[in-house]
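In the text below, chain A, chain B and the rest are named by the order of the sequence lines, each starting its count at 1.
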There are 2 protein chains.
Amino acid sequence: MEPLGDARQDRQATLADVAAASGVATSTASRALSNPTRVNVVTREKVERAAAALNYHANSHARALTSGKTRTIAVLVSDVTNPFYFDIIRGTQQQLKASGYTQLLVDTEESDELEDGMLHKLRGSFDGAILAASRLTDRRLATLASEMPLVAINRQTRGVASVFIDTPSGIEQALGHLVSLGHRDIAYVSGPVTSWPNEGRWRALLRAAEQYGVAVRRVGPFSPKKDAGAAAADVVLNSGVTACIAFNDLLAIGMLMRLRERGVSVPDDLSIVGCDDIFGSDFCNPPLTTLTAPIEQAGRVAVSMLLARLDAQTAGAARQTATLPTHLTIRASTGPAQPERDQ
Amino acid sequence: MEPLGDARQDRQATLADVAAASGVATSTASRALSNPTRVNVVTREKVERAAAALNYHANSHARALTSGKTRTIAVLVSDVTNPFYFDIIRGTQQQLKASGYTQLLVDTEESDELEDGMLHKLRGSFDGAILAASRLTDRRLATLASEMPLVAINRQTRGVASVFIDTPSGIEQALGHLVSLGHRDIAYVSGPVTSWPNEGRWRALLRAAEQYGVAVRRVGPFSPKKDAGAAAADVVLNSGVTACIAFNDLLAIGMLMRLRERGVSVPDDLSIVGCDDIFGSDFCNPPLTTLTAPIEQAGRVAVSMLLARLDAQTAGAARQTATLPTHLTIRASTGPAQPERDQ
DNA sequence: CAATTTTTGGCAAACGGTTGCAGTTGCCTT
DNA sequence: AAGGCAACTGCAACCGTTTGCCAAAAATTG
């Protein structure tokens, strides 16, 4: 029962505790821990030792309150359900942790309102945000980008930094592949019209089709989910094409399942090309020919770009845009067109 | 150029701004917004209107600093790469958002140190945590649970709340299924020995095997990844069993791919049962017979339990443990044992 | 050795809320 | 009409850091 008791509760140690333990002022303790050059080395070591002994961890809220820095990055995806985003998340998570940041994961449920709302509600909880598949209008997006550090993935809008997976260029390759297999009438299985990459892929296909002198048509739109693949498969079958390119693998895999159910052989009766090369594209039945996208890398690059512009030193030199190439991975869902096929 | 300028910068509006705009003290404004019954309804409306007009959003850090509540829940997974966790994440995300919480996603990379470290470093950034697949020792876990609100998934330890997916019971069903198909010699393809469910599954299988009077052996351990399936497939093939149960679907799918490569027919030459029924189990080749686990629901339930014990009102009544049943989903990776099979 | 510059460390004021306590009001009793 | 009692609202302290500013100490210079 000492008169001036140690008062060392089991509650988290605060900076004041550390300062007291090392016999300096809190300001000095603060500097010793976060701005090492600002204090004498012996003082610093004293403080560091005390901090370690007390198992001190700075309260991130208190720190955020004054410094304005949270060391947290928000990652917005339109649907956590979609394996495409898993790879994005994996990439961002990895790079973020390597830089000592933490990740705030937000699902926007394909809603532009929710996206906008979350970004505002959470503003102050993060230093910057990565928008994977923004559903925002160009205008809104540009405004937002001027309000907070932002990097968009697969979305090119003037004034907002972005990393772009160049699937459109790949589309040309994919079409070339189909044409060389004898296909002349090809469908594009569309995703949501509000999806920026969806439109880009369609335009690229249109352009390439002209070049190759073959016919393409667009069916859909379909929700980019496995379940929607059933409807897509039926529509494509009815259209009488011999091959199709799907907005993404999820849709393509859904089609595969439905076609199997209907006894339609892939690739004998219909060739299918997917986009992205997500988890599962290699072991579905048949394995999917697809445009392999460096998804995880896109996540990493997005983080690097964002972090670069957060850092005052490098902010000026930070690049505005990065383009990542894709390539066609040929597996078993594409094959020669049946010559005597008729409706 | 009015003398007392509006001073309304474009920086985020603060509570003081709102208070000034509605002509009350900040304390009143605070109460009006967060403790509505404490102020007169007309005052409250006035404040609310001002807040809306100024697009006021409370600074979460400032709030966290005084109230100690962050309205953030940490979700720790051992590997964001694993589709099993996708479903967990989906479930937690969903339930968390429904309750107005945000999710802090942390990847512990299968490391107990990282898990422990993160939990401490981030303590103060979240109100509670959900541990999906903790690698911690019982002792450590119990200590942690006494320091912060915690709910573990698939991990039963005295003193820590948990939601348990009852795969062990399902194992019995799975074995019954295999036995009824004529299999008498069955392998368990083990996951990491530090994984709690892995051991549970093996014990359950051992118990069931005794009941059924058939032989089981354990091979492995293997990393619970698709790539490890190749090695697993080879080992299982060498062991001469006619059927196996894999620790999880990821491993099983990896085996499927390797067996196809080696020209071994599933289920004719080898029957395979997976666990969990993750994304992909239904469209791999052949579709996997597996123990379907309500993974997403587990995530939701974990959140409910955690939130219940966070709320002072319901904390006492919050349940300590929840058990979720699994069931066997028979697809095409299991079939009759080949009668005249010999090494 | 005095004058000047550079380190180093402390004080105290933020940051933006929450909350215990106390002071005002207005209304009801008697 | 005075006293009593709620119901409201405001004051001010506090949460745990960071940081501008200043003073003391140490190092450098002439």
*Take the protein atom CZ of B:R44 and the nucleotide atom P of D:dA7, then report the distance between them rounded to whole Å.*
16 Å

*When the distance from CG of B:L65 to P of D:dG16 is rounded to whole Å, what number comes out?*
7 Å

*asked:* Can you pull out every salt bridge (charged side-chain N to carboxylate O under 4.0 Å, His left out) where at least one residue sits in residues 124-137 of chain B? Sequence neighbours excluded, please.
replied: B:E110-B:R135

*For the residue pair B:H61 and A:H61, does the interplanar ring angle fall in the parallel (under 30°), tilted (30 to 60°) or perpendicular (over 60°) class?*
tilted

*To the nearest Å, how far apart are A:L33 CG and C:dG9 C1'?*
14 Å

Where do N or O atoms of nucleotides 25-28 of chain C meet protein N or O atoms at under 3.5 Å, pair by pair?
none

*How many Å lie between NZ on A:K69 and P on C:dC15, as a whole number?*
16 Å

*asked:* Quick one, B:V77 with B:N82, criterion side-chain contact (heavy atoms from CB on, under 4.5 Å). Give me CA distance, side-chain angles, the key distance, then yes/no.
replied: CA-CA 9 Å; B:V77 301; B:N82 187 330; over 6 Å; no

*Would you tell me whether A:Y85 and A:S78 have side-chain atoms, one donor and one acceptor, within less than 3.5 Å of each other?*
yes

*If you round to the nearest 0.5 Å, how far is OG1 of B:T108 from CG of B:D79?*
8.5 Å

_B:R158/B:D138 under salt bridge (charged side-chain N to carboxylate O under 4.0 Å, His left out): CA gap, chis, key distance, verdict_ = CA-CA 8 Å; B:R158 192 161 175 68; B:D138 278 357; over 6 Å; no

_Set of residues satisfying salt bridge (Lys or Arg N to Asp or Glu O under 4.0 Å) with respect to A:R300, sequence neighbours excluded_ = A:E296

*Are the side chain of A:T194 and the backbone N or O of A:P192 linked by a donor-acceptor pair below 3.5 Å?*
no

Using a 3.5 Å cut-off and no angle test, enumerate the donor-acceptor pairs between side-chain atoms of residues 90-98 of chain A and protein atoms at least two apart in sequence or in another chain.
unit_1	atom_1	unit_2	atom_2	d
A:R90	NE	B:T81	OG1	3.0
A:R90	NH2	A:D87	OD1	2.9
A:T92	OG1	A:I88	O	3.2
A:T92	OG1	A:I89	O	2.9
A:T92	OG1	A:Q103	OE1	2.9
A:Q95	NE2	A:S304	OG	3.4
A:K97	NZ	B:D107	O	3.1
A:K97	NZ	B:E109	OE2	2.7

*asked:* We want to know whether B:S125 and B:R123 form a side-chain donor-acceptor pair, criterion being a heavy-atom distance below 3.5 angstrom.
replied: no

_Pair A:F164-A:N154, side-chain contact (heavy atoms from CB on, under 4.5 Å): steps then yes or no_ = CA-CA 5 Å; A:F164 174 61; A:N154 256 354; 3.7 Å; yes

_B/S/- contact track for nucleotides 17-24 of chain D, protein heavy atom under 4.0 Å_ = BBBBB---

_Euclidean distance, atom NE2 of residue A:H61 to atom C1' of D:dC14 [Å, nearest integer]_ = 17 Å

_Let me check the geometry of the helix from C:dC1-D:dG30 to C:dT30-D:dA1. What is the bend angle between the axes at its two ends, five pairs each, to 10°?_
40°

